[in-house]
Each structure stands twice: as C-alpha cells, then as structure tokens.
2 protein chains.
Amino acid sequence: MKTKTTTKAAVELPLNTIIDGDCIEVMNSLPESSVDLIFADPPYNLQLKGELHRPDNSKVDAVDDDWDQFDSFKAYDQFTRAWLKAARRILKPNGAIWVIGSYHNVFRMGAELQNQGYWILNDVVWRKSNPMPNFRGKRFTNAHETMIWASKSEGAKYTFNYEALKALNEGIQMRSDWVLPICTGHERLKDENGDKAHPTQKPESLLHRVLVGSTNPGDVILDPFFGTGTTGAVAKMLGREFIGIEREEAYRKVAEKRIAKVRKFDKEALITTPSKRAEPRVPFGQLVERGMLRPGEVLTSPRGKTAKVRADGTLISGEARGSIHQVGAALESAPSCNGWTYWHFRQDGKKVPIDLLRQQIRAEMN
Amino acid sequence: MKTKTTTKAAVELPLNTIIDGDCIEVMNSLPESSVDLIFADPPYNLQLKGELHRPDNSKVDAVDDDWDQFDSFKAYDQFTRAWLKAARRILKPNGAIWVIGSYHNVFRMGAELQNQGYWILNDVVWRKSNPMPNFRGKRFTNAHETMIWASKSEGAKYTFNYEALKALNEGIQMRSDWVLPICTGHERLKDENGDKAHPTQKPESLLHRVLVGSTNPGDVILDPFFGTGTTGAVAKMLGREFIGIEREEAYRKVAEKRIAKVRKFDKEALITTPSKRAEPRVPFGQLVERGMLRPGEVLTSPRGKTAKVRADGTLISGEARGSIHQVGAALESAPSCNGWTYWHFRQDGKKVPIDLLRQQIRAEMN
DNA sequence: GATCGCATTGAATCGCTGA
DNA sequence: GTCAGCGATTCAATGCGAT
C-alpha cells in the first residue's frame, strides 16, 4: 500500500517544473501525502492585499482602503491558514516544512502551524553577516530572519542528517543560529534593466543547509512561493527533485533560465557522512561464534569492572548476567549503557573497546 | 495633564517593592498609564514527556514546575491575552514592553501583541554563547531565545538610546542579535540546599542591555513574572525604579535579599559586555555552502595528493574521508595536519591555499 | 601558588525495531 | 496496538581537588 502510494505520486507529480498559478489551488490539485519537504517564503507585506485570499479562495478586495490594522491581520491569518492547510495535505506523514519570515509575519505563521497540528522541531535564526543598517537610528539593525522547522505531526519520523550537519560545522553539532551572508554579487539575479530580479532572493547557502540537513537525495521538495527559484537551483545541485509554484511570469522566466544552468554535483560528492544509526546491526553473540572473543574471556570497563563472556553471547559479573548492555547498566547503576563502547578486551597488551571487533565485521559485510 | 499623571503615579505606585500575588490581578489594581517599561518573562509552556539523560547517563534537571503547565494552547492563549491586556492598560502612552520566550510560546505571544494593538519595533535574538547541547542528536542545538520589543501603539514615541547602545557595542550600531552567555557561576542564585534557586534565571547582562537601550534613569520598570529579580537588580544598579510581581514566596525572598545587596551606580557592579575580538571560527563547510568551493571539486596538496569535496564539507580521498584536517593527516601519515594551509584549489590557473577563502569570510564578518 | 584534569550543569516539546 | 531490548548521544564554563 505504501509502495503504491509512492509510485503513484512519483508518476503523477510534475517534478522539476515551475507551475503557474495560485499556490493554494495548485497544491490542492496535487495528490495527498506525496511530498517530502516544503520550503516556504511567503509574502508578508500587508500592502499586498490583492494577493491575499479568504479560506474559500475568493480574493480579498484590493481596493478597500478602509482596512484597519485588525482587518489586515485577519486577512493575513486567513491567507496563512489556507496555504498551510493545503501544504499539510500534500506532505507525506513523515514529511516536514520550513517557513521563513520576519517579525511582521513569523509569529502568525508559527501560531498557525501549531494550531494545525504541525509539530515545531526548532526555530532557526538566520543571522545575516552583512545586513542593511538602520539608517534612522530608531531601532536595532534588523540583522536576522526567523525560520521554523516543523514535522507534519507530533511523533512523526522526520529526516535529520545529524552527522552531515555536524560535519558541515567542523565536528560541532549544528546550532539553531546560522551565520550566513545575504544574497549579493553575481549570485543576485538581475533583470534586463540590471535591477534586482526579486526583492527578497534568498542565498543558496541557506537552502544548502536546509536541504542537506532535512532531506535525502531523490526526495521531493515543494516551494509554493518559488520566486526566482533558489530552492529549485539548490535542490538540483544536491540531487533532489523540486516542484515550484509561482504566479508571476517574470519570476518564472528568471527561475527557469537559472535552473537550466545549474549542474548536479557528482554522485560521490553527494554522499554525506552517514549516521551510525543506519549501520547494520551486529549481535554480540557473533563475536563469540566467530572466535573473536572466547567464552571465559574477561572484559573490563574503563573504571575497572570486569565480566566474563559466556558461550551464548551473554556476560556474567557477580549477580548480574545478561547482554553486554544490561550488565554494563547494572554495574554502573545507570538507566542504560552502550556495551559496545563500555566493554574492552586486551589486544597486544592494550585495552580496546569491543566496538572495534564489530567494525571489523561490518567492514567485511561491504 | 501629562505632568499631573506622572506625579500622581509616582506617588501611588509601590516603587521598588515585590508584590505578592497573581500578576493580572495586581496589574489591574495599579493606576493606568503609569509605567514606562514592562519586561516579562512568562512561563514558556514547555511540554516535556519523559526524562532526558546526557550521554554520560547523568540526568538533566528539566523545568517541570507546576507554574509552567498548561492544558492546551487554548488555555495558554487565554492566559497570554489576559496578562498582555492588563499590562497594556498600565503602560504610559509612550511606554514599551519586552517579552521573552522560546519557540514553544513566543509565536503565540507575538501574534497576541499584534492583535492587541501593540506595535512591534524589533524581535531580538539572544544567542547563547554556551547553550545546553542537544543530547540525542535529533535536532539543532537550541541555542537562542527570542525577545519581542513593542511600543504601546503605532506611532508612539518610545525610548531608544541609540548612542548608548552603540557605545556598548564598541562604536558599531547595535544589531537585533545579541551574543551573551547564560546565567552561571556566582551570578546564579542558589537556595539553602545549594540547588539553583530558580530554574530559568536570566543573566544580568541581558537586562542591562534592555534597560540601557529602552529606558532612562528614573523610569519605572514593571516585571510581572519577577522570579528571583534580575530585572529589579539591574534596574537598581542603573538608577531606575522597579515594581516586581511574584506569587512564589521562595522566589520573592531570594529576590529581596539579592536586590538589597545591589548598590546603585556602583561602577564595578555594572556588567560589561564581553568584547570578543578573537577571530571567529569559520567551519570549512561554510565554504561549500556558500559556493566558494563546489561539491565534487578537487583539492590538491603541495606534494600532489588530491581529495574531492563533498556536500557536507568533508573530503574523500581513496579510503580516507573526514574533515580537511583528518584527510590531510591520513594522507601524510601524520598525527595532525592544518587543512587550511595544506589544501589548495585552482584560481586563475594558480594553486591557492583554501585559507584564502577563510580570510575572505572573516573580512566580510568585520 | 599555578596548573591540570575531572566532575558538574544549563528553559529540552531529544529512538527505533522487531516480537 | 504494546513492550522490551538494543544502542546512540554533548558544548562551554565553572569549580574543585590533586599534582
């Protein structure tokens, strides 16, 4: 059943295309539970009243000048509710969403995400290394934007490439604040007049980190506010599939040209540092069966506890007997214990963790 | 009229005291338009499930206090609406509010601030220099909290001491992200058992920046969730008046004792923001994210060894894979290797060390 | 006395798999 | 559906005791 859904979706989805239209209508036309990740950078300018929609998809009257602040928040909330709902329908159960915004709109998006049952995993701050200064000196330099990362629901098994992100950060786990420059220079797309093609083009570095961290090669990434296609460009580089939705023809044109020029990184470069959780399981008993450890042999802990190996791959130490993990936990009075790194054996006069033997077996398996 | 109000308030307000009671009731009993600034650190509504252990099996002492428990988002919203409304009534027309929270509650607070007509001036990110890591490797390190700074209404003449903040920041305009350490060491208040007196004590450096930036000497600052009184302590140091509201007797006692010890204008007691002029760390992965080096690109060593760049900022060369330093060391059979000077890339037909790219990034950051 | 190393700790929505 | 067992997982700072 699961396979069928996946296949069906893969066939029907308009992969690696930019769809013209209103993002809510387009998303509603796509099959449900078909997308791995959504990255959304919605408009937040309240002047764009004409782009707002009521929940029934009718357009809000743009000519109405009598809106007070409350009315405009209300309209913005309706718009937010509608597109987040459409987005949630097409997300796979283990899919996730990223939204980005500033203080003008991010609080309303965050609250609505929670209201709809999305489960917030982190809020991530994009700290701009070269923001525009506040010229009037009346406020703090607006030097960051906020992203929210959420799974479709509580308890969902979202993708998180912990080791790859840690590698990107030179061995230290990635934090919720990312220091990256804004999009300038030759990366910044220009129109035929030489003006910037899009007012809020996001840097590719931002998407690189998002996609390396929360998708796998081959995943389908949808961007309902595609703009000039940063999401698509980075997805293509990284060997992911994308679907873009954009209603402005000028943006679609720029994006298409841009993505056509992008070259996918070669396969070897796309393989990132794997998670240990994904490695094949090796029962401790196999070390005994293979004679790497002999029944009766004594294992030691870092702090000098000892246990004896038994023929069935269990350990015995005083009253405690059981798996390498159980006996380790019992001796340390700990809630749990990783026996693979806890127990050591003697090799060439040195104490070596038994995990080394497991690694040997795993190497043979490849 | 304005003068009269101010005088009246000054007479009636219970300045520099900690009031016992529910903050909503107490605020409703105070005269309207009488307070210059409100700083609020409300319960975050954390929803913790089981216990959490560090990798060394020690147990994390989590925030599981009764005052942080709410039945639902609806209940939390109701609470938020009520205290923000009470706060707004007692604010002077040109007064302002700061609230602080995490992704669990800050979106709901921000949206409600806007709904009530407060006017958001900035969201400010407190980037913690020493946050608690993510122990299970399932998310990003939760390394920041968010503050929202808002005036009572649009167009109000709020206080902003631009020059003072610029001076605090070594002559550079203050940004919306502040790097400050969490509250530890001697500043962290302990109870009679030597345990932390409050689970979420804020650092004085944070309040110092808030009060220097958005109040003047003599201003009245109210904190409806006073806790152990960081707001009061810093207000006293800086020659401001405070009003604290706190319903837990234990916290009030600690706060009173603490504030009694504080000396006004004691230069030595003033918190100097640590000026970190050390060279910022630049992970190699950032060169890849930023497109300065592309996945698949080949780096060379002075003696002709080669390695390929991968998307997660690691290198691969034959069997060796890992950081620029690890792979360099492996190829040279050396105990260590500075990958920044060891590895070169081609630029204009010449071989250039990748350290040049790091220097470019650092130059941008200053 | 200075230095080194080890233990402690902080607003946290912190597994997965197979029987 | 539940439940038990395997086994993966941490950074910066402070403070204390040993050298």
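Being a predicted model, the structure only gives us computed values, none of them experimental. The sequence lines fix the lettering, A, B, ..., with proteins before strands; numbering per chain opens at 1.
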Check the distance between [N]'s [atom2] and [X]'s [atom1] and give it to me in whole angstrom.
{"X": "K276(A)", "N": "dG7(D)", "atom1": "NZ", "atom2": "C1'", "result": "11 Å"}
{"X": "I182(B)", "N": "dC11(D)", "atom1": "CD1", "atom2": "C1'", "result": "10 Å"}
{"X": "W340(A)", "N": "dG5(D)", "atom1": "CH2", "atom2": "P", "result": "17 Å"}
{"X": "N57(B)", "N": "dT9(C)", "atom1": "CG", "atom2": "C1'", "result": "16 Å"}
{"X": "E145(B)", "N": "dG10(C)", "atom1": "CD", "atom2": "P", "result": "14 Å"}
{"X": "L165(A)", "N": "dC11(D)", "atom1": "CG", "atom2": "P", "result": "13 Å"}
{"X": "E332(A)", "N": "dA7(C)", "atom1": "CD", "atom2": "P", "result": "12 Å"}
{"X": "L206(B)", "N": "dA11(C)", "atom1": "CG", "atom2": "P", "result": "12 Å"}

If you compare every side-chain N and O of [X] against the phosphate oxygens of [N] (OP1, OP2), does one of them come in below 4.0 Å?
{"X": "R358(A)", "N": "dA8(D)", "result": "yes"}
{"X": "H325(A)", "N": "dG7(D)", "result": "yes"}
{"X": "S336(A)", "N": "dG7(D)", "result": "no"}

Partners meeting salt bridge (charged side-chain N to carboxylate O under 4.0 Å, His left out) with K305(A) (sequence neighbours left out): none

Go through the structure and list residues passing side chain to side chain contact (heavy atoms under 4.5 Å, CB included) with [X], not counting sequence neighbours.
{"X": "V179(A)", "value": "R127(A), S129(A), R127(B), M365(B)"}
{"X": "Q326(B)", "value": "S323(B)"}
{"X": "A164(A)", "value": "N161(A), V212(A), T272(A), D312(B)"}
{"X": "E364(A)", "value": "R290(A)"}

Closest approach to the side chain of [X], judged atom by atom: which nucleotide of [options] is it?
{"X": "R188(B)", "options": "dT9(C), dA12(C), dG10(C)", "value": "dG10(C)"}
{"X": "N130(B)", "options": "dC6(D), dC11(D), dA12(D)", "value": "dA12(D)"}
{"X": "R54(B)", "options": "dG10(C), dA11(C), dA8(D)", "value": "dG10(C)"}
{"X": "S129(B)", "options": "dG10(C), dC11(D), dA13(D)", "value": "dA13(D)"}

When you check the side-chain N and O atoms of [X] and [Y], is any donor under 3.5 Å from an acceptor?
{"X": "D191(B)", "Y": "H198(B)", "result": "no"}
{"X": "R310(B)", "Y": "T314(B)", "result": "yes"}
{"X": "D68(B)", "Y": "Y44(B)", "result": "no"}

For a quick check of understanding: with a heavy-atom distance under 4.0 Å over all strands, which category does [X] fall into, base, sugar-phosphate or nothing?
{"X": "L121(A)", "value": "nothing"}
{"X": "P283(A)", "value": "nothing"}
{"X": "P203(B)", "value": "nothing"}
{"X": "E163(A)", "value": "sugar-phosphate"}
{"X": "D41(B)", "value": "base"}

Test item: R88(A) side-chain N/O and Q116(A) main-chain N/O as donor-acceptor pair under 3.5 Å: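 Side chain of R88(A) to backbone of Q116(A), a donor-acceptor pair under 3.5 Å: yes, one is there.
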
Position toward the 5' end of DNA chain D (nearest nucleotide), P55(B) or C337(A): C337(A)

Do you know which two heavy atoms are closest between [X] and [Y], and how far apart they sit?
{"X": "L357(A)", "Y": "M292(A)", "result": "O-CE, 3.7 Å"}
{"X": "L168(A)", "Y": "P283(B)", "result": "O-CB, 3.4 Å"}
{"X": "I38(B)", "Y": "P224(B)", "result": "CG2-CD, 4.0 Å"}

Roughly how far apart, to the nearest Å, are [N] and [M] at atom [atom1]?
{"N": "dA11(C)", "M": "dG7(D)", "atom1": "C1'", "result": "28 Å"}
{"N": "dG10(C)", "M": "dC14(C)", "atom1": "C1'", "result": "15 Å"}
{"N": "dA12(C)", "M": "dC6(D)", "atom1": "C1'", "result": "24 Å"}

Side chain K202(B) and base dA11(C) donor-acceptor under 3.5 Å: yes

N169(A): side chain to side chain donor-acceptor pair (under 3.5 Å) partners, not counting sequence neighbours: R281(B)

Enumerate all atom pairs, one protein N or O and one N or O from nucleotides 2-4 of chain D, separated by less than 3.5 Å.
none

Under 4.0 Å protein heavy-atom contacts per nucleotide of nucleotides 14-19 of chain C, with B for base, S for backbone only and - for none: BSSS--

Dot-bracket summary - DNA chain D, pairs being Watson-Crick or G-U whose distances fall under 3.5 Å, with | when paired to another strand: .|||||....|||||||||

D68(B) vs R303(A), nearer the 5' end of DNA chain C by closest nucleotide: R303(A)

Selection residues 146-156 of chain A - residue pairs positive for side-chain hydrogen bond (donor to acceptor under 3.5 Å, both in side chains), sequence neighbours left out: E154(A)-K49(B)

Atom pairs under 3.5 Å: protein N/O with N/O of nucleotides 14-17 of chain D:
residue: dG15(D); atom: OP1; partner: H186(B); partner atom: NE2; Å: 3.4

Whether W98(A) and W178(A) hold their rings parallel, tilted or perpendicular, with breakpoints at 30° and 60°: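 Tilted.
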
Listed partners of H104(B) passing ring-ring contact (aromatic ring centres under 6.0 Å, His included), at least two apart: none

